Amino acid sequence: MPELPEVETIARGLAQQVTGESIESVWLGSKPEPLKSPAREIARTLEHARIADIRRVGKHIVVDLENSGSSRKRSSAQKSQWIVHLGMTGSLVVCPPDAEVEKHTHAIVRLGSGRELRFVDPRRFGRLSIVRSSNGFAASGLEPLDVGFELFVGLFRKRKTPIKSALLNQKLLSGVGNIYADESLFRAGIRPRRRAATLTRDELRRLYESVQQVLNEAILAGGSSINDYVDARGEPGMFQMQHRVYGREGEPCLTCRTPVKRIVIAGRSSHYCPQCQR
DNA sequence: AATGAAACCTGACAGC
DNA sequence: TGCTGTCAGGTTTCAT
């Protein structure tokens, strides 16, 4: 469910609500765990830590923790991070302790204020992990909103894969998902099946600007709510109102009235206007 | 090395 | 009501 704009919205909301809180205790569900790190390590790291900040890196939510090293020395503040990937259906919600525990709740973090931070994920594609390296968590690819144009161009050089697949490849850019890839390609006037390496410099310029424009507009709108996505407060995003091709198969292109086409690329449905996109 | 298909999961919805 | 098939905002793994 969440791509960069949704994750950004969620991370901002969470940061606002729980920065500075301490973590009292952690409950992790059993079952085939959505955990990349061992449950023991996650629990041990989170418990008694202080939440210093929450932010987005790619499609990941990074919770910066401070371990005050409770008993020993004063300033033995160790840095560790709790990384949450929401997969397709994951959500992180802050709620009062007496709120009903939803089905598919896999983790409950009790906060100093008495509230709880809960991880819910029906499809269990989401992942929780702990990072301790001194450099901190690093995304596999470049941040689409920060990358310079030359670096962006370099990503697609020599790639025979469809440009749509390249945009979805998190090792190149991290954060672009299916909705925003389609929307960006529409705005740039480029067909999703075009081989990445065949794009001209002009086309790449348009794509570069379109990606940033679409992501920024979506962040302003609080993300896209297609099925059940809601932010940290339970509010849906509004960007779906501005989708020009995604989910509009058969409907007229907003520019030229040609029916929007839907095809499958790398197993993902892809929407485009056969007239406006070449 | 690079590409694409399949696998991982559950739920919602359409059609019969 | 209930069955079947399809689809879903993501990523990893396994064959080519």
Side-chain angles (χ1 to χ4, degrees), chain A residues 1-11 29-37 56-61 83-92 102-106 119-129 137 139-141 144 154-186 192-198 211 214-215 217-219 221-231 235-250 262-271:
Chain A
M1 106 210 216
E3 303 181 36
L4 185 151
E6 291 76 34
V7 178
E8 178 71 29
T9 302
I10 292 166
S30 44
K31 294 272 184 162
E33 313 131 22
L35 310 177
K36 271 164 84 182
S37 304
R56 175 196 64 77
V57 174
K59 291 177 191 169
H60 301 263
I61 295 170
I83 312 298
V84 180
H85 193 292
L86 299 171
M88 290 275 258
T89 54
S91 57
L92 268 182
E102 253 186 274
K103 196 175 174 185
H104 305 301
T105 297
H106 301 114
F119 175 63
V120 183
D121 183 14
R123 283 177 80 179
R124 291 190 287 171
F125 288 171
R127 291 291 178 266
L128 308 181
S129 61
F137 175 78
S140 54
L155 293 178
F156 305 111
R157 207 167 274 153
K158 289 179 59 184
R159 289 189 187 271
K160 283 185 280 187
T161 194
I163 185 63
K164 166 80 184 271
S165 300
L167 288 173
L168 292 179
N169 184 343
Q170 302 296 298
K171 289 179 177 158
L172 303 180
L173 289 176
S174 28
V176 179
N178 206 33
I179 293 177
Y180 300 106
D182 281 4
E183 293 296 319
S184 300
L185 287 166
F186 173 76
R193 269 217 246 263
R194 283 278 303 282
R195 304 275 145 182
T198 70
V211 167
V214 165
L215 294 176
E217 286 176 22
I219 290 170
S224 301
S225 292
I226 301 294
N227 289 323
D228 49 7
Y229 158 77
V230 288
D231 68 15
E235 297 292 323
M238 294 304 292
F239 192 70
Q240 65 280 9
M241 311 295 301
Q242 298 175 56
H243 291 175
R244 299 186 191 170
V245 285
Y246 186 84
R248 298 193 63 244
E249 180 185 11
R262 174 181 174 279
I263 59 179
V264 174
I265 299 173
R268 315 297 305 278
S269 72
S270 305
H271 311 74

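Remember, it's a predicted structure, so these values are computed and weren't measured experimentally. Keep in mind that the numbers below use all heavy atoms, side chains included, and drop hydrogens, waters and symmetry copies. Every chain is numbered from 1, with letters handed out A, B, ... down the list of sequences.
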Less than 4.0 angstrom between a side-chain N/O of [X] and OP1 or OP2 of [N], yes or no?
X	N	value
A/Ser269	C/dA8	yes
A/Arg124	B/dC8	no
A/Thr161	B/dG4	yes
A/Gln170	C/dG10	no
A/Lys103	B/dT10	no
A/Lys59	C/dG10	yes

Inset, instruction - Between B/dG11 and C/dT12, how far apart are the C1' atoms? Round to whole Å, please. - result: 22 Å

Inset, instruction - Sticking with atom P, work out how far C/dC3 lies from B/dC9, rounded to a whole angstrom. - result: 24 Å

Inset, instruction - Provide, to the nearest angstrom, the distance between the CZ atom belonging to A/Arg127 and the C1' atom belonging to C/dT11. - result: 9 Å

Legend entry - Integer-rounded Å distance: C/dT11 C1' and A/Asn169 CG: 11 Å

Choose from [options] the nucleotide whose nearest atom is closest to any side-chain atom of [X].
X	options	answer
A/Arg262	B/dC9, C/dA8, B/dG11	C/dA8
A/Met88	B/dG4, C/dA8, C/dT11	C/dA8
A/His104	C/dC7, B/dG4, B/dG11	B/dG11

Inset, instruction - May I ask you to decide if the ring planes of A/His106 and A/Phe119 are parallel, tilted or perpendicular, using 30° and 60° as cut-offs? - result: tilted

Inset, instruction - Quick one: sort the A/Phe239 and A/Tyr180 rings into parallel, tilted or perpendicular, breaks at 30° and 60°. - result: tilted

Inset, instruction - Find which nucleotide of DNA chain C each of A/His85 and A/Gly267 is nearest to by heavy atoms, and output the residue with the more 5' nucleotide. - result: A/Gly267

Legend entry - Check: C/dA8 base within 3.5 Å donor-acceptor of A/Arg123 side chain: yes

Pick base, sugar-phosphate or nothing for [X], based on heavy-atom distances below 4.0 Å to the nucleic acid.
X	value
A/Tyr246	sugar-phosphate
A/Pro162	sugar-phosphate
A/Lys158	nothing
A/Gly177	sugar-phosphate

Inset, instruction - Check for a donor-acceptor pair, side chain of A/His104 on one end and backbone N or O of A/Glu102 on the other, with a separation under 3.5 Å. - result: no

Inset, instruction - Flag as yes if A/Phe125 stacks onto the base of C/dT11 (centroids under 5.5 Å, planes under 30°), otherwise no. - result: no

Inset, instruction - Answer whether the closest heavy-atom distance between the side chains of A/Leu86 and A/Asp121 falls below 4.5 Å. - result: no

Inset, instruction - Check the pair A/Ser270, A/Lys164 against side chain to side chain donor-acceptor pair (under 3.5 Å), reporting the backbone distance first and the verdict last. - result: CA-CA 8 Å; A/Ser270 305; A/Lys164 166 80 184 271; 2.7 Å; yes

Inset, instruction - Can you see which heavy atom on A/Ser165 is nearest to which on A/Ile265, and at what distance? - result: OG-CG2, 3.6 Å

Inset, instruction - Quick one: closest heavy-atom pair of A/Ile179 and A/Ser224, and the distance? - result: CD1-CB, 4.2 Å

Legend entry - Pairing string, 5' to 3', for DNA chain C - Watson-Crick or wobble contacts under 3.5 Å, brackets [ ] where pairs cross, | to another strand: .|||||||.|||||||

Inset, instruction - Compute whether any side-chain donor of one residue and acceptor of the other, for A/Ser269 and A/Tyr246, lie under 3.5 angstrom apart. - result: no

